[in-house]
Trainee: 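This structure is in structure tokens; I'll ask about it shortly.
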Amino acid sequence: MPELPEVEVTRMGIASHLKDRRIVGVLVRDGRLRRPVNEDLAELLVGQRIQALERRGKYLLLHLDQGQLLLHLGMSGSLRVLPRHTPLRTHDHVDIYLDHDQVLRFHDPRRFGLVLWGSNWFADPLLAKLGPEPFDSCFNGAYLFRRSRGRQQPVKGFLMDNQTVVGVGNIYANESLFRSGIDPRRAAGRISLARYELLARTVVTVLQEAIAQGGTTLRDFTHPDGESGYFRLSLLAYGRAGQSCQYCGNCLREVRLAGRSTVYCPHCQH
DNA sequence: ACACGATCCTGACTGC
DNA sequence: TGCAGTCAGGATCGTG
């Protein structure tokens with residue numbers, strides 16, 4: 001489900017409900033995630049107060065008095081703040097009970113997500129190797145150009161690599177390359193500085209638009225408040241294989257790149 | 001170092 | 001209706 005915009009929409013939706021709340025209980029119904037949830041999570045968390053909810057790439061960091069709870073939504077995860085006695089759905093794997101009768105509930109059918117306690121996640125290999133945030137000034141065309149020299153990898157895979165830049169998954173990689181007129185199959189090392197400058201600006205614009213529209217709702221992604229994200233209506237490439245290009249009217253084509261569905265316009269993208 | 005495929009897991013959907 | 005096959009927004013690991 002979530003790329004950077006969906007994670008950021010989640011963060012914005014729940015951060016104010018979490019700030020200064022005290023954790024009064026924890027229930028792990030199924031701790032078998034990408035890595036096992038800490039077995040003693042309740043002992044570790046109960047009594048601590050929540051200071052902030054921060055995002056780094058597609059990771060969320062819940063800052064508590066004595067450390068941080070690292071959260072990742074994987075492909076199918078979601079995180080909501082609910083009244084404590086809200087009925088359970090299947091795959092509601094972790095509940096963190098808060099004062100004021102609320103619960104922070106982690107839901108993840110495919111269990112590719114993470115819920116892990118630690119004291120310094122920024123030093124952990126999971127986060128330490130991440131590339132820049134797309135909204136940071138060091139993410140720009142010159143950076144992409146420099147980093148891509150000599151690389152034969154298709155530019156789409158290069159853009160989705162979270163050591164290049166964090167947060168750009170399959171949907172937004174497709175959209176950014178479409179809007180930039182760059183063929184996703186083109187070798188990353190053979191794209192000009194000028195085109196990378198356009199691509200970097202486009203990535204930022206696409207992600208910002210998606211956040212402003214509440215993210216992209218496919219299948220079950222909804223806001224923390226249950227609303228849908230409307231960026232799906234703005235998708236020009238992703239999910240539109242076989243339909244006509246909004247720019248030139250030709251038929252959009254689909255190929256698989258690094259195992260991921262890739263949609264592009266053979267006429268507009270080079 | 002680099003690029004790719006397989007893999008973790010469940011659910012939705014397709015076609016027979 | 002049922003069953004097999006395919007695919008899905010991520011990230012890591014092993015391979016050549």
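Sequence lines set the chain letters: A, B, ... in the order given, protein chains first and strands last, and positions in each chain run from 1.
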Trainee: Test for a donor-acceptor pair under 3.5 Å between the base of dC9(B) and the side chain of Arg110(A), counting only N and O atoms.
Mentor: yes
Trainee: Taking only the C1' atom of each, what is the distance from dA6(B) to dT6(C) in whole angstrom?
Mentor: 16 Å
Trainee: Answer with yes or no whether the side chains of Lys156(A) and Asn170(A) bring together a donor and an acceptor at under 3.5 Å.
Mentor: yes
Trainee: Distance check, C1' atoms only: dG9(C) and dA3(B), in whole angstrom units.
Mentor: 22 Å
Trainee: Taking it one step at a time, do Arg29(A) and Asp95(A) satisfy salt bridge (Lys or Arg N to Asp or Glu O under 4.0 Å)?
Mentor: CA-CA 8 Å; Arg29(A) 293 187 190 80; Asp95(A) 275 357; 2.7 Å; yes
Trainee: Does a nitrogen or oxygen in the side chain of Tyr238(A) sit under 4.0 Å from OP1 or OP2 of dG9(C)?
Mentor: yes
Trainee: Are the side chains of Leu69(A) and Ile96(A) in touch, meaning some heavy atoms are under 4.5 Å apart?
Mentor: yes
Trainee: Looking only at side-chain N and O atoms, does Arg34(A) come under 4.0 Å of OP1 or OP2 in dC9(B)?
Mentor: no
Trainee: Are any non-hydrogen side-chain atoms of Tyr59(A) and Leu70(A) less than 4.5 angstrom apart?
Mentor: yes
Trainee: Using the P atom in both, what is the distance from dC3(C) to dC9(B), to the nearest Å?
Mentor: 23 Å
Trainee: Tell me yes or no: between the side chains of Ser234(A) and Glu209(A), is some donor less than 3.5 Å from an acceptor?
Mentor: no
Trainee: Side-chain N or O of Arg256(A) versus OP1/OP2 of dG5(B): is the shortest distance under 4.0 Å?
Mentor: no
Trainee: Whether the Arg80(A) and His107(A) side chains hold a donor-acceptor pair (N or O, under 3.5 Å, no angle test) is what I'd like checked.
Mentor: no
Trainee: How long is the line joining CD of Glu3(A) and P of dA11(C), in whole Å?
Mentor: 9 Å
Trainee: Do any of residues 148-166 of chain A sit with a heavy atom less than 4.0 Å from DNA chain B, and if so which?
Mentor: Arg151(A), Gln152(A), Gln153(A), Pro154(A)
Trainee: Tell me which residues in residues 175-190 of chain A put a heavy atom below 4.0 Å from DNA chain B, sorted by number, or none.
Mentor: none
Trainee: Tell me: CG of Leu60(A) to C1' of dG10(C), nearest whole Å?
Mentor: 14 Å
Trainee: May I have the distance from Leu257(A) (atom CG) to dA8(C) (atom P), rounded to whole angstrom?
Mentor: 13 Å
Trainee: Classify the angle between the aromatic ring planes of Phe122(A) and His63(A) as parallel (below 30°), tilted (30 to 60°) or perpendicular (above 60°).
Mentor: parallel
Trainee: Using Watson-Crick and G-U wobble pairs whose two distances are both under 3.5 Å, how do you write the pairing of DNA chain C as dot-bracket, with | for links to another strand?
Mentor: .|||||||.|||||||
Trainee: Between atom CG in Asn170(A) and atom P in dA11(C), what is the gap in whole Å?
Mentor: 12 Å
Trainee: Quickly work out the Leu114(A) CG to dC9(B) P distance and round it to whole Å.
Mentor: 14 Å
Trainee: By side-chain contact (heavy atoms from CB on, under 4.5 Å), which residues pair with Ala258(A), not counting sequence neighbours?
Mentor: none
Trainee: Who passes side-chain contact (heavy atoms from CB on, under 4.5 Å) against Ala212(A), sequence neighbours left out?
Mentor: none
Trainee: Looking only at side-chain N and O atoms, does Arg260(A) come under 4.0 Å of OP1 or OP2 in dG10(C)?
Mentor: yes
Trainee: Check whether any side-chain N or O of Arg195(A) sits under 3.5 Å from a backbone N or O of Leu199(A) as a donor-acceptor pair, and report yes or no.
Mentor: no
Trainee: For Thr90(A), check side-chain contact (heavy atoms from CB on, under 4.5 Å) against everything at least two apart and list the hits.
Mentor: none
Trainee: Between Leu116(A) (CG) and dA11(C) (C1'), how many Å, whole number?
Mentor: 14 Å
Trainee: Quick one: which of dT12(C), dT10(B), dG10(C) gets closest to the side chain of His72(A)?
Mentor: dG10(C)
Trainee: Taking only the side-chain heavy atoms of Pro109(A) (C-beta and beyond), determine which of dG11(B), dG9(C), dT12(C) contains the nearest atom.
Mentor: dG11(B)
Trainee: Is the closest side-chain donor-acceptor distance between Glu197(A) and Asn140(A) under 3.5 Å?
Mentor: no
Trainee: Check this for me, if you would: do Arg56(A) and Glu133(A) make a salt bridge, where the nitrogen-to-carboxylate-oxygen distance has to be below 4.0 angstrom?
Mentor: yes
Trainee: Is His91(A) close enough to dG11(B) that one of its side-chain N or O atoms is under 4.0 Å from OP1 or OP2 there?
Mentor: yes
Trainee: Does a nitrogen or oxygen in the side chain of Ser76(A) sit under 4.0 Å from OP1 or OP2 of dG11(B)?
Mentor: no
Trainee: Specify the separation, in whole Å, of atom CG of Leu73(A) and atom P of dG10(C).
Mentor: 11 Å
Trainee: Rounding to an integer number of Å, can you tell me how far Lys129(A) NZ sits from dT12(C) P?
Mentor: 7 Å
Trainee: Tell me whether the ring of Phe112(A) lies stacked over the dA11(C) base, given a 5.5 Å limit on centroids and a 30° limit on the plane angle.
Mentor: no
